[in-house]
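Read through the structure below, which is laid out as structure tokens, and then see the notes.
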Amino acid sequence: MEIVVEGEGADSYEEVMLYYEGALAQMQTKLNILNQEFQHVHNYNPIEHIKARIKTPESIAKKLRRHGYEVTLANMVKYCNDIAGVRVICDYTTDIYKIADMISNQADIRVLAIKDYIAQPKPSGYKSYHMIVMVPVYLSDRIVDTKVEVQIRTIAMDFWASLDHKIQYKFPGEVPDKIAKELYDCSVMVSELDAKMLELNNELQELEENNRNK
């Protein structure tokens, strides 16, 4: 698959992808530093682990065509917000918003869009917190602001989303009603599990605090 490069002096596909790879590396470094700092100050890691990926040319082309755009480099940069993607997995729902705030408070990061699928889950039951951010990539002669999609979710949400992705791949656009219903029911159980785990964690912290004060 070839991404069409238009205009005199237009950047090559390889050069533009270098920007996305740089932005992805920047985000991973920022998140790791924030996690280490949180551990140092609060003796607690809000981030369980981080997954990062760059969309393939085939996936980019498929998405552009699905939305009615020609497969060009300009359209790729303008309309594809998730070419570089970081998925942040944490233990508790409260961690999701802590991490989102920490990202938003970075002086050189600009938040372009937020979709809170935790407060408003998708009809399928999908829950996650999505951010599109602009990250500066520092080159030898200039700075290139580059978009990165950040998804923040709990371990349980990520497990559910992984199964949902596999089902959607097997039944594109036509998931059997019975499976869709069972998957939705699982999302309800995931929400209940996340709430219970948070409750238990709060109880543990309260016990630790009481023990320290004795």
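Counting heavy-atom neighbours within 6.0 Å of K122 NZ, excluding the residue itself, gives a total above 12. Heavy-atom contacts from other residues, nucleotides or ligands closer than 6.0 Å to NE2 of H40 number 12 or fewer.
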Could you go through V41 and Q36, starting from their C-alpha distance and side-chain angles, then the distance that decides it, and tell me whether this counts as side chain to side chain contact (heavy atoms under 4.5 Å, CB included)?
CA-CA 9 Å; V41 175; Q36 291 167 8; over 6 Å; no

Go through the steps for K196 and E192 under the test salt bridge (charged side-chain N to carboxylate O under 4.0 Å, His left out), then give the verdict.
CA-CA 6 Å; K196 187 61 179 177; E192 292 171 350; over 6 Å; no

Test side chain to side chain contact (heavy atoms under 4.5 Å, CB included) applied to Y19 and L139, step by step:
CA-CA 9 Å; Y19 306 155; L139 304 174; 3.6 Å; yes

Run the side chain to side chain contact (heavy atoms under 4.5 Å, CB included) check on K51 and D158 step by step: do they pass?
CA-CA 11 Å; K51 301 176 183 177; D158 192 53; 2.9 Å; yes

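Residue C90 comes nearest to P46 through the heavy atom pair CB-O, 2.9 Å, listed as atom of the first residue, atom of the second, then distance. Pairing each heavy atom of M27 with each of V148, the nearest pair is CG-CG1, 4.0 Å. Counting all heavy atoms, side chain and backbone alike, V137 lies closest to A23 at CG2-N, 3.5 Å.
In this structure, CG in L24 is found 11.0 Å from OG1 in T146, a value given to the nearest 0.5 Å. In this structure, the separation between CG on N45 and CG on D91 is 9.0 Å, given to the nearest 0.5 Å. Residue N75 holds its CG atom at 8.5 Å from SG of C80, rounded to the nearest 0.5 Å. Note that CD of E182 is 12.5 Å distant from OG of S187, once rounded to the nearest 0.5 Å. Atom NZ of K63 sits about 8.5 Å away from atom CD1 of I83, to the nearest 0.5 Å. M17 contributes atom CE, which lies 11.0 Å from atom OG of S12 (distance to the nearest 0.5 angstrom).
T56 places no side-chain N or O within 3.5 Å of a backbone atom of I54 that could act as its donor or acceptor partner. Remark: the backbone N or O of H49 is not paired with any side-chain donor or acceptor of R87 at under 3.5 angstrom. A donor-acceptor pair is defined here as one N or O able to donate and one able to accept, closer than 3.5 Å; such a pair exists between the side chain of T29 and the backbone of A25.
No chain of hydrophobic side-chain contacts below 4.5 Å, direct or via other Ile, Leu, Val, Met, Phe, Trp or Tyr residues, connects Y126 to M189. Two different hydrophobic clusters hold I118 and I89 under the rule that ILVMFWY side chains link at heavy-atom gaps under 4.5 Å. Under the 4.5 Å side-chain heavy-atom criterion for grouping Ile, Leu, Val, Met, Phe, Trp and Tyr, L31 is not connected to M134 through any hydrophobic cluster. Following chains of ILVMFWY side-chain contacts shorter than 4.5 Å, one cannot reach L18 starting from V144, and the two form parts of different hydrophobic clusters. No chain of hydrophobic side-chain contacts below 4.5 Å, direct or via other Ile, Leu, Val, Met, Phe, Trp or Tyr residues, connects I132 to V86.
Under a cutoff of 6.0 Å and an axis angle of 45°, K127 and Y117 do not form a cation-pi pair.
Put simply, the side chain of K147 does not reach to within 4.5 Å of the side chain of V133, judged on heavy atoms. The shortest distance between side-chain heavy atoms of M76 and V16 falls below 4.5 Å. Side-chain contact between L64 and Y79 is present, with at least one heavy-atom pair separated by less than 4.5 Å. Two residues are said to be in side-chain contact when any heavy atoms from C-beta on lie closer than 4.5 Å; K181 and I179 fail this criterion. Using a 4.5 Å heavy-atom cutoff, the side chains of V135 and Y20 are not in contact.
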Using distance only, find each side-chain donor-acceptor pair of residues 97-111 under 3.5 Å and give its atom names and separation, not counting sequence neighbours.
from : atom 1 : to   : atom 2 : distance (Å)
Y97  : OH     : D116 : OD1    : 3.3
Y97  : OH     : D116 : OD2    : 3.0
S104 : OG     : A100 : O      : 2.9
N105 : ND2    : D101 : O      : 3.1
Q106 : OE1    : K30  : NZ     : 3.2
D108 : OD1    : K30  : NZ     : 2.9
D108 : OD2    : K30  : NZ     : 3.2

Determine all donor-acceptor pairs shorter than 3.5 Å in which one atom belongs to a side chain in residues 197-204; sequence neighbours excluded.
from : atom 1 : to   : atom 2 : distance (Å)
N201 : OD1    : Y92  : OH     : 3.3
N202 : ND2    : L198 : O      : 3.4

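Each of D95, I155, N35 was evaluated against E48; a single residue qualifies, I155, per the side chain to side chain contact (heavy atoms under 4.5 Å, CB included) test. I152 pairs in a side chain to side chain contact (heavy atoms under 4.5 Å, CB included) with only one of the listed residues (H130, M131, M157), which is M131.
Applying the ring pair (Phe, Tyr, Trp, His ring centres under 6.0 Å) test to pairs two or more places apart or on separate chains, none has a residue in residues 154-206.
A side-chain donor-acceptor contact under 3.5 Å links Q151 and E149. Side-chain atoms of D194 and T154 form a donor-acceptor pair, as typed in the model, at a separation below 3.5 Å.
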